[in-house]
Each structure stands twice: as structure tokens, then as C-alpha cells.
Chemist: 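Take a look at this one; I'll ask things after.
Start at 1 with the first residue, then count along the sequence.
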Amino acid sequence: MRPDTSAEYVDHNAEAARLERTAGLYPEDAEHLLLQAAAHLELADDRPRATAFYDRLLSSATPLENPFLVRALKAANLWEYGHEAEAKAIIEGVRAASPRDPAPWVIVAESLESHDELEAAQQTFTEAATHLLTDVPEPPYATHPVLFGRHRVRRMLGLPHDNWDALADTLHSSPVSLDELHDPKRVWSLGSDNPAELEAEISRLRAELGTYREALSRPFPVAVLHWPASELSELLTAYPSLAEEYPSHEEHLATIEASLRELAASGTPNLGIVTGTVPSYEAFAASEGASPGDASLLPQYATTLAARGRAEAWPPERGASCWCGSGRGYGECHGTES
């Protein structure tokens with residue numbers, strides 16, 4: 001159940017409890033599951049308990065995949081129930097850390113915006129755009145909210161368009177322009193007696209709803225399964241029948257890159273890589289009532305990991321490390337043209 005589902009259709013406290021139990025069964029997915037649980041608690045207006053979930057993750061001995069996302073969510077939640085000073089301190093910490101993931105930037109900037117800190121919100125969105133998109137030929141999908149949010153705040157501040165705003169306009173696909181959607185005078189049209197103004201506002205709201213639904217319905221990535229060298233060795237030792245699928249680790253890595261390039265060339269969007277572990281795979285096989293030596297389980301396992309939010313987007317962002325774990329940049333490793 002999505003955390004954004006209306007409380008009319010879901011018991012958010014029950015969903016949070018279910019997700020917490022699931023996190024106990026799948027500790028490798030605890031970060032993703034507990035963030036979902038915290039979101040349900042926020043929607044249930046139990047913000048102190050949501051904060052407890054964020055603190056639980058941040059104090060965990062297991063390193064987090066995205067600690068800045070957790071911090072950003074905690075800050076936004078704290079501010080909503082009166083802890084402004086602590087929230088602002090965390091926000092400043094996130095900004096100073098300059099994370100490579102767009103999500104923490106968007107969360108802290110929108111938190112500032114929702115509390116009428118428009119100048120600080122605009123500065124935060126601008127820092128994010130500069131950090132994430134300088135010298136990037138095509139902004140990744142995940143960075144679009146940075147540009148759209150920046151455009152919205154600058155429109156409310158009455159600032160003139162700049163190059164980032166122009167880029168946001170080109171990325172925006174709705175039939176209603178960003179300038180119109182972000183018009184700070186829109187609120188007055190809701191109280192208008194003019195049918196034309198009301199009709200225009202209905203069109204704007206429909207356009208916004210369509211964009212929101214498109215973002216929510218964006219599927220999890222078409223993911224290819226990656227085994228690190230140590231995990232692949234353990235897998236083949238335990239299940240020799242899988243050697244036909246994986247003649248060698250080098251060939252396994254080359255096959256991943258070739259498969260993803262072939263999918264990209266065919267027009268398949270939203271590609272990713274999921275990294276497997278033997279214990280996780282064995283648990284998945286047990287849940288399916290099948291043998292881990294059954295090669296037909298491998299793509300199902302990859303899809304399940306992707307559905308749990310375990311996929312890393314492919315290709316990596318410019319300058320990022322290669323997905324294979326070599327420590328080299330992607331452009332110097334598997335990103336080189338063969």
C-alpha cells in the first residue's frame with residue numbers, strides 16, 4: 001500500500017506496523033521499509049513516532065544507503081510539529097554535505113518553502129541545481145523536481161527567468177506552462193465569479209494532477225541482477241547448476257553492461273541494477289517454494305529486489321563510480337565504448 005493513499009482507504013498505523021515487521025524479516029531492506037513506515041505514521045499524524053523511526057535508522061550500526069534522505073525527512077517531520085530550530089539545524093547540515101541524490105535537496109527546500117522561507121528555499125534549490133546539473137548534458141529524471149521547485153519558488157519571489165528556469169520549461173511536458181502553474185496569483189481565481197477564470201484554474205489543476213499521477217505511476221526500474229565476486233563464488237559453490245548462467249565473474253559483468261545497453265538501444269526506459277546476496281536469494285527461493293539452483297528464479301529475484309527499492313539507476317551519473325564495485329569511475333570502467 002502506498003503511503004500517499006488516502007486514510008479513507010488504509011489504516012496508516014496498521015500499515016506502519018506491517019512494514020516494521022517486514023523490516024525485521026528482511027534486514028537488508030530495513031532502510032526502505034522503515035522509511036515507508038515513517039511516511040504512514042506522518043499521515044496518521046503520529047509525527048513523534050515517525051521521528052523515532054528516523055532516529056532508529058540514523059543510530060543503526062548498519063550503514064545507510066542514503067543517510068541524507070533520512071535526515072531530510074526527519075527535519076521536515078520535526079518542523080511540522082514545532083521543532084523548528086532542530087529542523088533548521090538538520091537542513092543546514094544536509095545543504096553543507098551537498099549530497100549527490102536529488103531527493104534530500106528537494107525535501108529540505110520544500111520544507112523551507114512550506115514554512116514561507118522562500119529566499120532560503122530558492123537558495124537551496126539553486127545549490128542543488130548547481131551541484132547536480134553543472135556540465136550535465138541531459139538532466140536525469142530524478143533531478144526534474146529540483147528544477148521545477150526552483151522555478152516555482154522564483155516565480156513566487158517575482159524573480160526573472162534564468163538559464164535553469166528555461167531548462168525547467170523545456171523539461172515540463174504538461175500542456176499548461178510552468179509560468180501559469182506557478183503563478184502566485186492563482187489562489188485568487190478560486191474565489192472568482194468569472195467562469196473563464198474558474199475554467200482556467202480547473203485546467204491547471206488537471207494538468208498538475210496528471211503530472212503527479214505520472215510521477216507516482218513511474219514503475220520501478222527494469223533491473224538486471226548483479227552478483228559481487230564474493231557472492232557469486234559462494235552462490236556457485238552452493239549451487240553448481242548455476243555455473244551455466246555464470247561461466248565467470250568477468251563474463252557476468254560484461255553481460256550486465258551489454259544487456260543494459262541493448263535495452264537502452266531498444267527504447268526501454270528506467271533501467272537499473274540490483275545487487276544480490278546469497279542469504280537474500282535463498283530466502284526468496286524459500287518463499288517461492290523452489291530450489292535456489294533453479295535458474296528461472298533469477299529474473300524473478302531481480303524484479304523483487306527492484307520492487308523493494310533496491311535498484312541503482314543505470315547508467316550512473318556523470319563522474320560516479322562504476323556499478324561493478326571496482327572503485328573506478330563508470331566512464332573509465334564499464335562505461336567505455338567497446
Chemist: Can a salt bridge be assigned to the pair Glu28 and Arg310 using a cut-off of 4.0 Å between side-chain N and carboxylate O?
Modeler: no
Chemist: What is the distance from atom OH of Tyr330 to atom SG of Cys324, rounded to the nearest 0.5 Å?
Modeler: 10.0 Å
Chemist: Using a 3.5 Å distance criterion without hydrogens, assess whether the side chain of Thr170 forms a donor-acceptor pair with backbone atoms of Leu167.
Modeler: yes
Chemist: If we ignore hydrogens and angles and just use 3.5 Å, is the side chain of Thr304 paired with the main-chain N or O of Gln300 as donor and acceptor?
Modeler: yes
Chemist: Tell me, with the steps shown, if Asp45 and Arg47 meet side chain to side chain contact (heavy atoms under 4.5 Å, CB included).
Modeler: CA-CA 6 Å; Asp45 204 27; Arg47 294 187 177 275; 4.2 Å; yes
Chemist: Apply the side chain to side chain donor-acceptor pair (under 3.5 Å) test between Thr124 and each candidate in Glu113, Glu110, Arg95, Glu117; give the one that qualifies.
Modeler: Arg95
Chemist: OH of Tyr54 to CG of Leu69: how many Å apart, nearest 0.5 Å?
Modeler: 8.5 Å
Chemist: Between Glu20 and Arg56, does at least one N-O distance fall below 4.0 Å, as a salt bridge requires?
Modeler: yes
Chemist: If only atom types and distance count, is the side chain of Arg21 paired as donor or acceptor with the main-chain N or O of Ala16 below 3.5 Å?
Modeler: no
Chemist: Could you tell me whether a side-chain N or O of Thr336 sits under 3.5 Å from a main-chain N or O of Cys333, the two making a donor and an acceptor?
Modeler: yes
Chemist: So, the side chain of Trp105 versus the backbone of Pro99: is there a donor-acceptor pair under 3.5 Å, distance only?
Modeler: yes
Chemist: I'd like to know if Asp162 and Arg150 make a salt bridge, using a cut-off of under 4.0 Å between side-chain N and carboxylate O.
Modeler: yes
Chemist: Any idea how Tyr301 and Phe284 line up, ring-wise: parallel (<30°), tilted (30 to 60°), or perpendicular (>60°)?
Modeler: tilted
Chemist: Might you work through the side chain to side chain contact (heavy atoms under 4.5 Å, CB included) test for Trp314 and Leu263, ending with a clear yes or no?
Modeler: CA-CA 11 Å; Trp314 180 93; Leu263 287 167; over 6 Å; no
Chemist: Using every non-hydrogen atom in the two residues, find where Ala50 and Ala38 come nearest and quote the distance to one decimal.
Modeler: CB-O, 3.6 Å
Chemist: Could you go through the side chain to side chain contact (heavy atoms under 4.5 Å, CB included) check for His161 and Arg155 one step at a time?
Modeler: CA-CA 8 Å; His161 268 204; Arg155 188 81 166 86; 5.5 Å; no
Chemist: For the backbone of Glu251 and the side chain of Thr255, can you confirm whether one donor and one acceptor N or O come within less than 3.5 Å of each other?
Modeler: yes
Chemist: Does any N or O in the side chain of His40 come within less than 3.5 Å of the main-chain N or O of Asn13, such that one atom is a donor and the other an acceptor?
Modeler: no
Chemist: Side chain of Ser233, backbone of Ser230: donor and acceptor closer than 3.5 Å?
Modeler: no
Chemist: Measuring from Glu127:CD to Ser98:OG, what's the distance to the nearest 0.5 Å?
Modeler: 7.0 Å
Chemist: Just how far is it from atom CH2 of Trp164 to atom OG1 of Thr126, taken to the nearest 0.5 Å?
Modeler: 9.5 Å
Chemist: How far apart are the closest heavy atoms of Val94 and Pro104, and which atoms are they?
Modeler: CG1-CB, 4.1 Å
Chemist: Check this for me, if you would: do Lys88 and Glu84 make a salt bridge, where the nitrogen-to-carboxylate-oxygen distance has to be below 4.0 angstrom?
Modeler: yes
Chemist: Got a second to check how far Glu282's CD is from Leu297's CG, nearest 0.5 Å?
Modeler: 12.0 Å
Chemist: Report the C-alpha separation of Leu133 and Leu147 in whole Å, then their side-chain angles, then the decisive distance to 0.1 Å, and conclude whether the side chain to side chain contact (heavy atoms under 4.5 Å, CB included) test is met.
Modeler: CA-CA 10 Å; Leu133 297 173; Leu147 293 169; 3.8 Å; yes
Chemist: Mark yes or no for whether His249, through its side chain, and Leu232, through its backbone, hold a donor-acceptor pair below 3.5 Å.
Modeler: no
Chemist: At what distance, to the nearest 0.5 angstrom, does CG of Leu132 lie from CZ of Arg100?
Modeler: 5.5 Å
Chemist: Side chain of His115, backbone of Ser111: donor and acceptor closer than 3.5 Å?
Modeler: yes
Chemist: How about Glu80: does its CD atom have over 12 heavy atoms from other parts shown lying under 6.0 Å from it?
Modeler: yes
Chemist: Ignoring hydrogens, what is the shortest heavy-atom contact between Tyr281 and Asp294? Give both atom names and the distance.
Modeler: OH-O, 3.4 Å
Chemist: Would you sort out whether Ser291 and Tyr239 count as a side-chain hydrogen bond (donor to acceptor under 3.5 Å, both in side chains), showing the intermediate values?
Modeler: CA-CA 9 Å; Ser291 166; Tyr239 309 104; over 6 Å; no
Chemist: Between Ile90 and Val70, is there a shared hydrophobic cluster once you connect ILVMFWY residues whose side-chain heavy atoms come closer than 4.5 Å?
Modeler: no
Chemist: One pair to check against side-chain hydrogen bond (donor to acceptor under 3.5 Å, both in side chains): Glu86 and Trp79. What are the steps and the verdict?
Modeler: CA-CA 8 Å; Glu86 186 179 355; Trp79 204 338; over 6 Å; no
